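Excluded from the calculations below are hydrogen atoms, water molecules and symmetry mates; all remaining heavy atoms, backbone and side chain alike, are included. On a predicted model such as this, the values are computed, not experimentally measured, just so you know.
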Amino acid sequence: MRLVRLTGSAVWYPVLWAILWGALSCFSNAALSQPAKTEPRKTIRLAFPAAETGFDPPRVSDYYSNTVNEAIFERLLTYDYLARPARLAPMTAETLPEVTDGGKTYTFKIRSGIQFHPEPAFGGKPRELTAADYVYSFKRILDPKVRSPWAFMIEGKIIGLDALAATEKQTGKYDYDTDVEGLRALDRYTLQIRLLEPDYNFNYIAAHTPFSAVAREVVEKYGNDTMAHPVGTGPYVLKQWTRGARIVLEKNPEYRGMAWDFAVSEDVDAELVRIMQGKRLPLIDRVEISIIEEEQSSWLAFKRNELDFSGVGSFRSEVFDEKGEMRPAWREQGVKAIRAIDPELTYTFFNFRDPTVGGFEKEKLALRRAIIMAYNREEEIEVIRKGQAVLATMPIPVGVVGHDPRYKPLNTYNPALANKLLDSFGFKRGKNGFRTMPDGSPLLLKYATGTTSLDRQFNELWKKAMDVIGVRIEFQPGKFSDNLKAAKACQLQMWGSAWIADYPDGDNFVQLLYGPNTGQSNNGCYESKAFDALYEASRKLPDSPERNHLFLEMTRQMEVDGAWVLGVSRERNTLIRPWVLGYKKHPVMNATWIYLDIDPAKAP
């Protein structure tokens with residue numbers, strides 16, 4: 001109907017009367033029909049402190065993008081939500097795989113009837129997940145054009161797969177239709193993966209988000225734009241995306257659903273089981289993610305009831321008293337606090353290809369170790385982290401297989417020794433108090449950093465530490481995604497990083513220092529023949545005292561070389577609004593809203 005302006009001549013009155021009468025009739029009919037009330041949509045609102053990079057599982061390595069991917073795409077395996085320590089469970093596979101041939105052959109049975117999200121690339125027809133989709137997805141990890149940062153996890157493992165990648169270098173074509181002996185769909189729902197040698201962590205790889213199933217049709221349709229077109233089989237779909245600002249997910253109406261069915265693992269689980277057991281998942285209709293880089297802005301948003309979750313961070317004293325008890329104002333709101341030490345560590349890497357801090361010459365070893373000994377991690381914990389962290393003593397954190405609480409680190413805080421070390425190796429102080437390189441050239445550290453107020457606090461602590469040993473340091477602010485890209489290309493001299501467990505085994509952490517992983521997970525471009533030999537030996541062993549001893553030797557080697565400034569493992573104090581039901585921090589999974597519910601009686 002076209003609207004007309006009803007003014008002027010009386011000739012329009014009959015028209016006006018007819019319109020009003022029609023409207024009243026519609027109102028009357030609507031009132032008489034009395035449609036059933038609809039349930040309010042359940043929405044979870046949270047914030048990321050750094051921007052995402054995109055949503056194509058094998059192409060992204062940042063925590064935030066993969067948290068979203070975890071809800072959109074599905075792996076062969078996942079984890080039991082409540083079990084501690086973390087325990088694997090089937091996802092798209094019917095059961096855990098059958099392992100034969102002395103641990104070299106893994107056979108997965110895929111559940112039938114699992115559907116990809118509706119997508120034009122499928123020609124308007126439903127598209128079922130099959131074993132062939134995992135064959136394609138695993139092949140894609142090694143496609144040189146994809147440049148997956150996760151290729152290291154399967155390089156040199158699957159029979160024939162590396163040969164396919166090598167052929168691309170000769171022909172310029174990565175042929176996905178080439179048969180790979182160790183990666184086959186035996187039938188529509190049976191996937192067989194054959195390894196060159198036993199890998200005792202392979203099931204963890206099968207549960208890792210980058211190894212989710214993607215559809216070949218979608219990749220071929222969108223080409224280089226797959227980051228913006230995630231199509232999986234998971235419980236959520238991408239509804240809106242404003243890069244670096246806002247991500248909105250909505251429940252996939254075609255999802256098969258699953259029951260909340262988990263057993264009590266710890267005492268705190270009993271209440272969760274009582275409230276959630278038997279509910280059909282997912283229960284959350286919409287997930288709204290805001291990118292809020294400033295800690296204070298995120299904190300204020302939580303206080304205004306604009307977020308359902310929040311870390312405590314620098315505002316610990318607002319929430320907890322001197323005894324660590326929650327203050328009455330928060331208890332009265334019904335806010336819950338969940339505390340846990342993450343299976344993660346922070347570290348600052350040195351670029352071993354950098355002319356100033358890189359290399360294995362004795363003076364370079366002395367410089368890196370002096371920098372490490374000058375940095376005060378205790379002050380970082382007390383002043384910046386407000387007591388919410390523990391010192392990292394080795395590159396395998398607390399709570400991960402291979403961590404040894406008895407290990408005594410070599411490079412502890414000792415600025416006096418750091419100064420003596422620099423004096424001994426010819427780093428002389430000038431009249432301005434700053435040191436030069438042994439050849440007399442300027443010594444300048446270039447530290448990549450972010451742009452938030454928290455970053456500036458870390459910069460001040462680093463500046464204070466370097467002043468004590470007479471080393472000039474310059475901070476180079478940039479976006480997280482830009483710094484990450486530069487690190488992969490060995491272009492950053494120093495940068496502070498963090499690694500959260502992809503799977504709860506020490507291998508996932510020491511591989512960050514493995515030379516062949518340079519350009520992927522080894523952002524420091526550290527290439528030590530001694531370390532690499534120890535690492536390769538550890539890969540051939542199951543969890544055992546022998547492997548743990550190799551972990552200790554690797555730790556000592558990276559300390560002698562001054563590969564990292566070991567940081568901390570952070571204590572997460574997560575505040576949760578009272579209407580959020582079913583939450584428990586998982587050591588590996590991040591998209592935990594899949595397992596949650598909202599109490600509409602309490603929700604704002």
Side-chain angles (χ1 to χ4, degrees), residues 55-58 68-81 88-99 106-140 176 183-193 203 205-221 226 229-239 249-262 276-287 589 591 593-597:
F55 310 113
D56 187 354
V68 175
N69 286 336
E70 203 176 287
I72 295 175
F73 298 91
E74 291 187 295
R75 286 71 65 203
L76 290 159
L77 304 177
T78 184
Y79 292 86
D80 183 294
Y81 180 54
L88 289 163
M91 194 172 211
T92 60
E94 292 181 350
T95 62
L96 295 180
E98 179 186 6
V99 183
Y106 286 71
T107 304
F108 297 86
K109 285 287 187 180
I110 312 298
R111 301 175 193 267
S112 63
I114 297 176
Q115 302 292 328
F116 279 97
H117 306 155
E119 159 62 40
F122 302 139
K125 300 177 181 178
R127 169 67 158 80
E128 187 182 25
L129 173 72
T130 68
D133 291 308
Y134 283 105
V135 171
Y136 172 77
S137 300
F138 272 73
K139 285 181 177 178
R140 191 164 173 250
Y176 284 93
L183 191 57
R184 287 178 172 164
L186 301 184
D187 57 43
R188 187 171 179 81
Y189 304 113
T190 305
L191 172 71
Q192 184 184 78
I193 300 176
N203 275 344
I205 293 173
H208 191 28
T209 302
F211 296 86
S212 300
V214 297
R216 183 172 181 173
E217 302 96 312
V218 174
V219 174
E220 292 179 349
K221 175 180 173 64
T226 52
H229 297 277
V231 179
T233 61
Y236 288 90
V237 298
L238 181 65
K239 187 68 175 179
L249 304 176
E250 288 195 351
K251 185 162 63 175
N252 171 20
E254 306 298 324
Y255 186 64
R256 62 193 180 277
M258 57 182 173
W260 202 103
D261 183 20
F262 303 102
M276 299 293 295
Q277 194 75 347
K279 291 184 177 181
R280 198 70 181 166
L281 302 176
L283 295 156
I284 303 302
D285 298 297
R286 183 178 171 94
V287 180
M589 295 190 297
W593 61 77
I594 295 170
Y595 303 95
L596 304 183
D597 195 5

Non-neighbouring partners of Arg111 that pass side chain to side chain donor-acceptor pair (under 3.5 Å), sequence neighbours left out
none

Should Tyr134 and Ile193 count as side-chain neighbours, where that means a heavy-atom distance under 4.5 Å?
no

Residues in salt bridge (charged side-chain N to carboxylate O under 4.0 Å, His left out) with Arg286, at least two apart?
Glu250, Glu288

Return the OG to CE distance between Ser212 and Met91, rounded to the nearest 0.5 Å.
7.5 Å

Separation of Lys125 NZ from Gln115 CD (nearest 0.5 Å)
13.5 Å

Taking only residues two or more places apart in sequence, or in another chain, which ones meet Asp187 in a side chain to side chain contact (heavy atoms under 4.5 Å, CB included)?
Lys109, Tyr189, Thr190

Give me the atom names and distance for the closest heavy-atom approach of Ile284 to Tyr236.
O-OH, 2.7 Å

Residues in ring pair (Phe, Tyr, Trp, His ring centres under 6.0 Å) contact with Phe73, at least two apart in sequence or another chain:
none

Kindly say whether Tyr176 contributes a backbone atom to a donor-acceptor pair with the side chain of Arg140 at under 3.5 angstrom?
no

Heavy-atom pair with the smallest gap, counting every atom of Ala121 and Lys221:
CB-CD, 3.5 Å

Which atom pair, heavy atoms only, marks the closest approach of Pro97 to Tyr106?
CG-CD2, 3.9 Å

Under the side chain to side chain contact (heavy atoms under 4.5 Å, CB included) test, which residues partner His229, sequence neighbours left out?
Tyr222, Asp225

So how far is it from Lys139 NZ to Leu183 CG, rounded to the nearest 0.5 Å?
6.5 Å

Glu254: partners by side chain to side chain donor-acceptor pair (under 3.5 Å), with sequence neighbours left out
none

Partner set under side chain to side chain contact (heavy atoms under 4.5 Å, CB included) for Ala206, not counting sequence neighbours
Leu76, Leu77, Phe108

For a quick test of reading the model, state the closest non-hydrogen atom pair linking Thr209 to Pro57 and the distance between them.
O-CB, 3.6 Å

Within the 4.5 Å heavy-atom criterion, are Ile594 and Glu70 side-chain neighbours or not?
no

Judged by atom type as modelled, is there a donor-acceptor pair below 3.5 Å linking the side chain of Asn69 to the main-chain atoms of Pro210?
no

Which residues satisfy the side chain to side chain donor-acceptor pair (under 3.5 Å) test with Thr233, sequence neighbours excluded?
Glu74

Quick one: pull up CG in Leu283 and CG in Asp597 and give me the separation to the nearest 0.5 Å.
4.5 Å

Would you please name every residue forming a side chain to side chain donor-acceptor pair (under 3.5 Å) with Lys239, sequence neighbours left out?
none

Mind checking ring pair (Phe, Tyr, Trp, His ring centres under 6.0 Å) for His208 and listing every partner two or more places apart, or none if nothing turns up?
Trp150

Nearest-0.5 Å distance, CE of residue Met589 to OH of residue Tyr79
9.0 Å

Is any side-chain N of the basic residue among Glu128 and Arg188 closer than 4.0 Å to the acidic one's carboxylate O?
yes

Between atom CG of Leu191 and atom OG1 of Thr92, what is the distance when rounded to the nearest 0.5 Å?
9.0 Å

Report yes if some heavy atom in the side chain of Asp133 is under 4.5 Å from a heavy atom in the side chain of Val214; otherwise report no.
no

Give me the ring orientation class for Tyr595 and Tyr81: parallel if the planes are under 30° apart, tilted from 30 to 60°, perpendicular past 60°.
parallel

Mind listing the closest non-hydrogen atom pair of Pro90 and Leu96 along with its distance?
CG-N, 4.0 Å

Apply ring pair (Phe, Tyr, Trp, His ring centres under 6.0 Å) to Phe211 and list each qualifying residue two or more places apart in sequence or on a separate chain.
Phe138

With sequence neighbours left out, what residues match Ala215 under side chain to side chain contact (heavy atoms under 4.5 Å, CB included)?
Phe116, Phe122, Arg127, Glu217, Val218

Looking at every non-hydrogen atom in both residues, tell me the closest pair between Phe55 and Leu238 and how far apart they are.
CD1-CD2, 4.0 Å

